Novice: 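Please find one structure pasted underneath; my questions will follow.
A quick note: this is a predicted structure, and the numbers were derived from the prediction, not measured.
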Amino acid sequence: MGVKNMWKHVVFLIMMMHCCTFMAEVEYFKYKDPEQRIGVRIKDLMKRMTLEEKIGQMTQADRSVLSKDDMKNFFIGTKIIQLFVPAEKASPKTWVDMVNDLQSGSLSTRLGIPMIYGIDAVHGHNDVYKSTIFPHNVGLGVTRQKIGAATALEVRATGIPYTFAPCIAVCRDPRWGRCYESYSEDPKIVKLMTEIIPGLQGDIPTGSRKGVPFVGGQTKVAACAKHYVGDGGTHLGVDEGNTIIDAKGFFSIHMPAYYDSIIKGVATIMTSYSSWNGVKMHKNRFLVTDYLKNTLKFRGFVISDFQGIDRITHPEHANYTYSIIAGMNAGIDLFMVGFNYKDFITQLTYLVKNKFIPMRRVNDAVKRILRVKFSMGLFENPLADYSMAKYLGCQEHRDLAREAVRKTLVLLKNGKSFKEPLLPLSKKASKILVAGSHADNLGYQCGGWTIQWQGFSGNNITAGTTILSAVKAAVDPRTQVVYNENPNDEFMKASKFDYAIVVVGENPYAEFFGDSSNLTIPEPGPRTIKRVCGSVKCVVVLITGRPVVIQPYVETVDALVAAWLPGTEGQGVTDLLFGDYGFTGKLARTWFKSVDQLPMNVGDPHYDPLYPFGFGLTTKPRKNYKNV
């Protein structure tokens with residue numbers, strides 16, 4: 001071989017080496033290439049992942065026990081806010097800084113798989129200071145898709161791309177402490193309310209495959225339909241209890257909303273703490289794998305509830321190894337383990353390596369998690385955008401929440417006779433009384449899952465308008481508004497009012513803390529109703545998360561309004577009380593006479609309610625206030 005030919009050969013080899021290197025680099029970054037199909041990206045990434053990296057993706061830990069280094073060292077795939085916020089009254093920037101700091105830990109790993117940060121934004125972005133708090137599901141009306149879109153923007157404003165909402169439970173017994181998280185006792189209404197999912201995630205493209213998750217860009221968030229399935233039907237309304245019902249009833253009442261959620265492209269579904277006929281949902285392979293994944297073709301991921309697998313055993317966490325095996329075999333993909341994530345990772349790794357859990361089950365879970373992450377665009381946009389902060393608590397969203405309040409209120413009584421209605425109230429009255437424990441308490445007005453898990457009392461923890469403040473803003477400047485939270489008999493005898501507005505109800509609660517066997521309004525609410533309404537014409541506004549015992553007071557009051565848990569925008573209540581808008585709301589659940597009747601739902605043979613499902617008086621808005 002001549003020198004000239006030898007150099008040609010060398011040049012050719014060098015070119016081939018560069019070409020191979022280039023092709024290797026292209027192949028290595030294939031899963032990061034947005035031009036590739038999601039299936040191709042998943043396959044490419046999966047073949048590069050170690051067992052440890054896969055198990056990290058299946059682990060959701062609480063922010064309070066995580067650091068950026070933990071994200072890197074344990075490959076944690078998702079995080080939840082449970083008992084931690086970055087600071088009291090934290091600004092959007094503080095939230096975004098926290099999320100991005102943790103995300104930087106994920107991006108610094110070998111494969112750079114971004115994490116998902118999740119939060120319970122169940123009636124607006126309810127954990128965050130100065131966010132818009134919408135009415136709880138118990139009262140939500142036709143504004144559901146707009147509320148989903150507004151919530152998505154406010155969640156994104158804090159750098160978070162995933163919410164554990166909506167709750168599509170069908171509450172069949174108001175004694176259940178989570179009944180206010182349910183839209184209705186009627187599965188048809190709950191099914192309709194899944195329209196909030198396109199609000200959160202965006203409208204799924206025409207022609208999309210059934211069951212494939214969809215999130216439409218950086219102004220949307222991944223949603224989570226929960227709690228799968230039957231959590232609203234437990235015996236005696238006991239939270240995390242046992243739903244005792246045959247298959248026909250179970251599938252016709254509790255499953256329809258999940259059909260629609262899957263059709264709408266919901267990204268994730270959360271399993272319930274509850275049981276069906278004695279079998280815990282967190283270990284129910286038939287419902288999770290055979291039915292949800294195989295029959296309904298759901299292709300997003302199934303997530304456990306917080307420490308859900310711990311509760312498979314009694315007492316909790318008694319046999320964690322068994323709980324992990326049971327949860328994995330049931331078909332759970334992502335485990336919300338909370339605080340003991342290191343123990344979970346260690347045990348699951350051991351169980352897989354020693355073939356107690358098949359590798360195909362791990363691969364199924366990780367594929368689903370990655371499918372959602374790719375659908376969310378996390379690989380292209382892993383870091384949060386500070387420019388979204390403008391949406392948190394913005395006036396447009398507060399106006400929407402006020403509209404939602406107007407549409408949720410139900411007028412149960414208006415006047416002691418049909419010919420003499422009390423509502424709408426006059427704005428030009430000389431002197432009026434506002435009374436009751438809930439009239440000037442934003443925390444009570446919002447209910448549980450607001451700033452804190454169990455809610456709060458008072459007006460200083462977030463921004464909003466109490467009903468008292470709304471009354472003062474609504475009436476004529478010359479009208480004297482007297483506020484007395486719990487007036488005594490002497491006060492009532494010594495005072496003269498044109499009418500009174502009494503605002504009472506339940507104190508905030510969440511989950512099992514709200515389970516109630518008697519469903520009575522706590523004192524001094526009943527005493528206030530009797531004292532005030534026994535002395536002057538009054539309208540009673542009920543702030544409750546469900547129907548409560550009111551039959552003893554109905555004859556005493558002149559007008560009665562179910563305001564449910566209206567959130568931060570109290571003006572929505574006064575918009576109707578004073579006639580700026582008319583009452584249009586209808587009961588989405590039955591109002592019982594006595595708890596002895598429960599459970600009692602529309603269509604039951606023993607149906608004998610105080611106010612039936614679908615009931616609601618109407619009023620017309622007043623167009624002219626010159627003479628009122």
Novice: Above 12 or not: heavy atoms from other molecules or residues under 6.0 Å from NZ of Lys188?
Specialist: no
Novice: Looking only at atom types and distance, does a side-chain atom of Lys210 sit under 3.5 Å from a main-chain N or O of Lys297, one as donor and one as acceptor?
Specialist: no
Novice: Using side-chain contact (heavy atoms from CB on, under 4.5 Å), reason through Asn137 and Tyr183 one step at a time and then give a plain yes or no.
Specialist: CA-CA 5 Å; Asn137 292 352; Tyr183 295 109; 3.5 Å; yes
Novice: Give, for atom OG1 of Thr163 and atom CG of Asp120, the distance between the pair rounded to the nearest 0.5 Å.
Specialist: 6.5 Å
Novice: Taking the side chain as every heavy atom from C-beta outward, state whether Arg546 and Tyr180 have any pair of such atoms under 4.5 Å apart.
Specialist: no
Novice: At their closest point, which heavy atom of Ser272 faces which heavy atom of Asp231, and how far apart are they?
Specialist: OG-CB, 3.3 Å
Novice: Do side-chain atoms of Gln201 reach the backbone of Ala223 as a donor and acceptor pair under 3.5 angstrom?
Specialist: yes
Novice: Under a 3.5 Å cutoff, is there a donor and acceptor pairing between the side chains of Thr590 and Glu185?
Specialist: yes
Novice: Looking at every non-hydrogen atom in both residues, tell me the closest pair between Tyr611 and Val554 and how far apart they are.
Specialist: OH-CG1, 3.8 Å
Novice: Looking at every heavy atom in both Val362 and Met58, which two are closest together, and how far apart are they?
Specialist: CG1-SD, 3.9 Å
Novice: Given side chains that start at C-beta, do those of Tyr341 and Phe335 come closer than 4.5 Å, heavy atoms only?
Specialist: no
Novice: Would you indicate whether the side-chain heavy atoms of Tyr509 and Ser516 approach each other to under 4.5 Å?
Specialist: no
Novice: Does the side chain of Ile245 come within less than 4.5 Å of Ile253's, by heavy atoms?
Specialist: yes
Novice: Could you tell me how the ring of Tyr259 sits relative to the ring of Tyr291: parallel (under 30°), tilted (30 to 60°) or perpendicular (over 60°)?
Specialist: tilted
Novice: Give a yes or no on whether the backbone of Ser594 and the side-chain of Gln597 come within a donor-acceptor separation of less than 3.5 Å.
Specialist: yes
Novice: How would you list, by chain and number, every residue that makes a side-chain hydrogen bond (donor to acceptor under 3.5 Å, both in side chains) with Arg406, sequence neighbours excluded?
Specialist: Asp575
Novice: Quick check: do Trp176 and Asp515 have side-chain heavy atoms less than 4.5 Å from each other?
Specialist: yes
Novice: Any side-chain donor-acceptor pair under 3.5 Å between His123 and Thr450?
Specialist: yes
Novice: Hey, what do you get for NZ (Lys280) to OG1 (Thr313), rounding to the nearest 0.5 Å?
Specialist: 9.0 Å
Novice: Is there a donor-acceptor pair closer than 3.5 Å between any side-chain N or O of Tyr228 and the backbone N or O of Leu287?
Specialist: yes
Novice: What is the distance from atom NZ of Lys54 to atom OG1 of Thr349, rounded to the nearest 0.5 Å?
Specialist: 12.5 Å
Novice: Would you indicate whether the side-chain heavy atoms of Thr194 and Ile263 approach each other to under 4.5 Å?
Specialist: no
Novice: Between Trp276 and Phe250, does the ring centre distance come in under 6.0 Å?
Specialist: yes
Novice: Is it the case that atom NE2 in His314 sees more than 12 heavy atoms from other parts of the structure closer than 6.0 Å?
Specialist: no
Novice: If only side-chain N and O atoms count, and only distance matters, is there a donor-acceptor pair under 3.5 Å linking Tyr322 with Lys283?
Specialist: yes
Novice: Determine whether Val573 and Val405 make a side-chain contact, defined as any pair of heavy atoms from C-beta on separated by less than 4.5 Å.
Specialist: yes
Novice: Under a 3.5 Å distance rule, please check whether His282 uses its side chain to pair with a backbone N or O of Ser323 as donor and acceptor.
Specialist: no
Novice: Working note: Phe512 + Glu240, criterion side-chain contact (heavy atoms from CB on, under 4.5 Å); need CA distance, chi angles, decisive distance, verdict.
Specialist: CA-CA 8 Å; Phe512 51 86; Glu240 305 181 19; 3.9 Å; yes
Novice: Once you round to the nearest 0.5 Å, how far does CE of Met193 lie from OG of Ser184?
Specialist: 9.5 Å
Novice: Spell out, as yes or no, whether a donor-acceptor pair under 3.5 Å connects the side chain of Arg285 to the backbone of Asn329.
Specialist: yes
Novice: Judged by atom type as modelled, is there a donor-acceptor pair below 3.5 Å linking the side chain of Ser182 to the main-chain atoms of Ala169?
Specialist: yes
Novice: Using a distance-only test with no angle check, is there a side-chain donor-acceptor pair under 3.5 angstrom linking Gln347 and Thr321?
Specialist: yes
Novice: Show, in sequence, the C-alpha distance, side-chain angles and deciding distance for Ile168 and Tyr258, and conclude whether the side-chain contact (heavy atoms from CB on, under 4.5 Å) test is met.
Specialist: CA-CA 8 Å; Ile168 54 174; Tyr258 287 95; 3.6 Å; yes
Novice: Could you give the distance from CD1 (Ile133) to CG (Leu565), rounded to the nearest 0.5 Å?
Specialist: 12.0 Å
Novice: Please tell me if the side chains of Glu511 and Trp449 come closer than 4.5 Å, counting only heavy atoms from C-beta onward.
Specialist: yes
Novice: Apply salt bridge (Lys or Arg N to Asp or Glu O under 4.0 Å) to residues Arg371 and Asp333 and explain how you reach the verdict.
Specialist: CA-CA 12 Å; Arg371 183 178 293 121; Asp333 304 309; over 6 Å; no
Novice: Is Asn242 reaching over with its side chain to a backbone N or O of Ile244, donor-acceptor style, under 3.5 angstrom?
Specialist: no
Novice: Once you measure the plane-to-plane angle for Phe301 and Tyr162, does it fall in the parallel (<30°), tilted (30-60°) or perpendicular (>60°) bin?
Specialist: perpendicular
Novice: For Lys367, is the NZ atom crowded, meaning more than 12 foreign heavy atoms sit under 6.0 Å from it?
Specialist: no
Novice: If only side-chain N and O atoms count, and only distance matters, is there a donor-acceptor pair under 3.5 Å linking Thr243 with His254?
Specialist: no
Novice: Starting from the C-alpha separation in whole Å, work towards a yes-or-no answer on side-chain contact (heavy atoms from CB on, under 4.5 Å) for Trp591 and Val410.
Specialist: CA-CA 11 Å; Trp591 206 297; Val410 180; over 6 Å; no
Novice: Measuring from Lys593:NZ to Gln551:CD, what's the distance to the nearest 0.5 Å?
Specialist: 6.5 Å
Novice: To check you understand the geometry: which heavy-atom pair defines the closest contact between Pro198 and Asp203, and what is its length?
Specialist: CB-OD1, 3.4 Å
Novice: Over 60° means perpendicular and under 30° means parallel, so classify the ring planes of Phe251 and Phe286, tilted if in between.
Specialist: perpendicular
Novice: Report yes or no: does Asp305 contribute a side-chain atom to a donor-acceptor pair with the main-chain N or O of Tyr273 at less than 3.5 Å?
Specialist: no
Novice: Please name the pair of heavy atoms, one in Leu351 and one in Ile324, separated by the smallest distance, quoted to 0.1 Å.
Specialist: CD1-CG2, 3.8 Å
Novice: Testing the basics here: between Gly448 and Pro508, what is the closest heavy-atom pair and its distance to 0.1 Å?
Specialist: N-CB, 4.0 Å
Novice: Check for a donor-acceptor pair, side chain of Thr618 on one end and backbone N or O of Thr584 on the other, with a separation under 3.5 Å.
Specialist: no
Novice: Should the pair His438 and Tyr444 be assigned to parallel (<30°), tilted (30 to 60°) or perpendicular (>60°) ring geometry?
Specialist: tilted
Novice: Does Asp364 come within less than 4.0 Å of Arg360, counting only side-chain N to carboxylate O?
Specialist: no
Novice: Just to verify, which of His235, Arg175, Arg172 counts as forming a side-chain contact (heavy atoms from CB on, under 4.5 Å) with Pro599?
Specialist: Arg175
